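Take a look at the structure below.
Small disclaimer: the values here were computed from a predicted structure and weren't measured.
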Amino acid sequence: MANAKRIFGTDGVRGRANIEPVTAETALKLGRAAAQVFRNREREARNRVRYRIVIGKDTRLSGYMLENAISSGVLSMGVDVIFIGPLPTPGVAYVTRSLRADAGIVITASHNPYDDNGIKFFRPDGFKLDDHIENQIEDLVFSGEIENIRPTASQIGKAVRIDDALGRYVEHAKASF
């Protein structure tokens with residue numbers, strides 16, 4: 001069932017940090033819904049073990065709040081998180097691809113004012129989500145359907161931090177020249 005409410009714009013979910021839709025509460029729901037959608041898109045995780053989502057961000061203060069909220073949502077759905085720290089948007093896309101993750105998330109408002117922030121999702125190939133995938137995520141957020149799906153105990157995801165993500169991206173950028 002399509003929902004009339006929209007939180008995705010032309011480039012993810014954006015707005016003033018800590019005002020809807022860029023709040024910790026909505027980020028948590030987005031993380032839960034995105035994990036469910038990405039987990040259900042493929043019969044098997046790309047690494048053949050567990051589903052994984054890469055999360056990167058820019059240096060805005062609100063990024064810490066949003067990163068923790070969205071990762072909590074992802075983990076609560078039984079999907080692992082790989083934190084890669086501050087990295088430009090193309091870097092997050094590259095690392096998503098190179099680590100063979102099932103999706104990527106970057107928390108950034110790009111060139112918008114510092115008080116703003118946003119959440120942008122990537123497919124496993126590092127490209128922006130198709131509208132129909134964004135619609136699936138929105139439907140889960142607004143329908144409340146996601147509240148009935150709750151993995152427990154050993155089914156909850158694990159988080160790891162990759163410290164060399166910036167180095168990987170720098171090497172990739174250098175090789176591109």
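The nearest pair of heavy atoms linking A24 to M65 is CB-CG, 4.1 Å. Of all the heavy atoms in E67 and F83, the pair that sits closest is OE2-CD2, 3.4 Å. Of all the heavy atoms in D116 and N112, the pair that sits closest is OD2-CB, 3.8 Å. For the residue pair S110 and R14, the shortest heavy atom distance occurs at CB-NH1, 3.6 Å. A pairwise comparison of heavy atoms in R32 and S76 identifies NH1-OG, 2.8 Å as the closest pair. Closest heavy-atom contact between P151 and G78: CG-N, 4.0 Å.
The existence of a salt bridge linking D102 and R46 is excluded, since no basic side-chain nitrogen approaches an acidic carboxylate oxygen closer than 4.0 Å. Salt bridge annotation for R168-E171: absent, with no cationic side-chain nitrogen under 4.0 angstrom from a carboxylate oxygen.
For the side chain to side chain donor-acceptor pair (under 3.5 Å) with K120, the lone residue among T108, D11, T89 that qualifies is D11.
Atoms CD1 and CG, from I7 and L30 in turn, are 4.5 Å apart once rounded to the nearest 0.5 Å. Note that the CZ atom of R123 and the OG1 atom of T96 stand 12.0 Å from one another [nearest 0.5 Å]. Atom-to-atom distance recorded for N117:CG and D58:CG is 5.5 Å, nearest 0.5 angstrom. For the atom pair CD of E138 and CG of D131, the computed distance is 9.5 Å after rounding to the nearest 0.5 Å. Note that the OG1 atom of T152 and the CD1 atom of I156 stand 6.5 Å from one another [nearest 0.5 Å]. I55 contributes atom CD1, which lies 12.5 Å from atom CD1 of I162 (distance to the nearest 0.5 angstrom).
The cationic atom of K29 (NZ for Lys, CZ for Arg) does not lie both less than 6.0 Å from the six-membered ring centre of F142 and within 45° of the ring axis.
The hydrophobic cluster containing V160 also contains L166, counting ILVMFWY residues as joined when their side-chain heavy atoms lie under 4.5 angstrom apart, directly or transitively. Under a hydrophobic clustering in which Ile, Leu, Val, Met, Phe, Trp and Tyr are joined whenever their side-chain heavy atoms come within less than 4.5 Å, directly or via other members, Y51 and V74 fall into the same cluster. No single ILVMFWY cluster, assembled from side-chain heavy atoms under 4.5 Å apart, contains both Y64 and I70. Under the 4.5 Å side-chain contact rule for hydrophobic residues, L28 and F38 do not share a cluster. In terms of hydrophobic clustering, with Ile, Leu, Val, Met, Phe, Trp and Tyr side chains grouped at heavy-atom distances under 4.5 Å, V54 and L87 are assigned to a common cluster.
Among residue pairs with one or both ends in residues 88-125, those qualifying as ring-ring contact (aromatic ring centres under 6.0 Å, His included) are F8-F121, Y94-H172; sequence neighbours excluded.
Residue F127 belongs to no hydrophobic cluster, having no ILVMFWY side-chain heavy atom closer than 4.5 Å to its own.
Residues S98 and Y169 have side chains not in contact (no heavy-atom distance under 4.5 Å, counting atoms from C-beta outward). Residues I146 and M77 have side chains in contact (heavy-atom distance under 4.5 Å, counting atoms from C-beta outward). Put simply, the side chain of L129 reaches to within 4.5 Å of the side chain of I137, judged on heavy atoms. Proximity of K57 to L66: side-chain heavy atoms (C-beta onward) are nowhere separated by under 4.5 Å. No side-chain heavy atom of Q36 sits under 4.5 Å from any side-chain heavy atom of Q136. Residues I105 and I53 form a side-chain contact, since some pair of their non-hydrogen atoms from C-beta on lies under 4.5 Å apart.
Every side-chain contact (heavy atoms from CB on, under 4.5 Å) that E145 has, sequence neighbours left out, goes to L140, S143.
Between the side chain of R100 and the backbone N or O of A45, no donor-acceptor pair lies under 3.5 Å. When atom types are taken as modelled, the side chain of R60 and the backbone of A17 share no donor-acceptor pair closer than 3.5 angstrom. A donor-acceptor contact shorter than 3.5 Å links the side chain of K128 to the backbone of T10.
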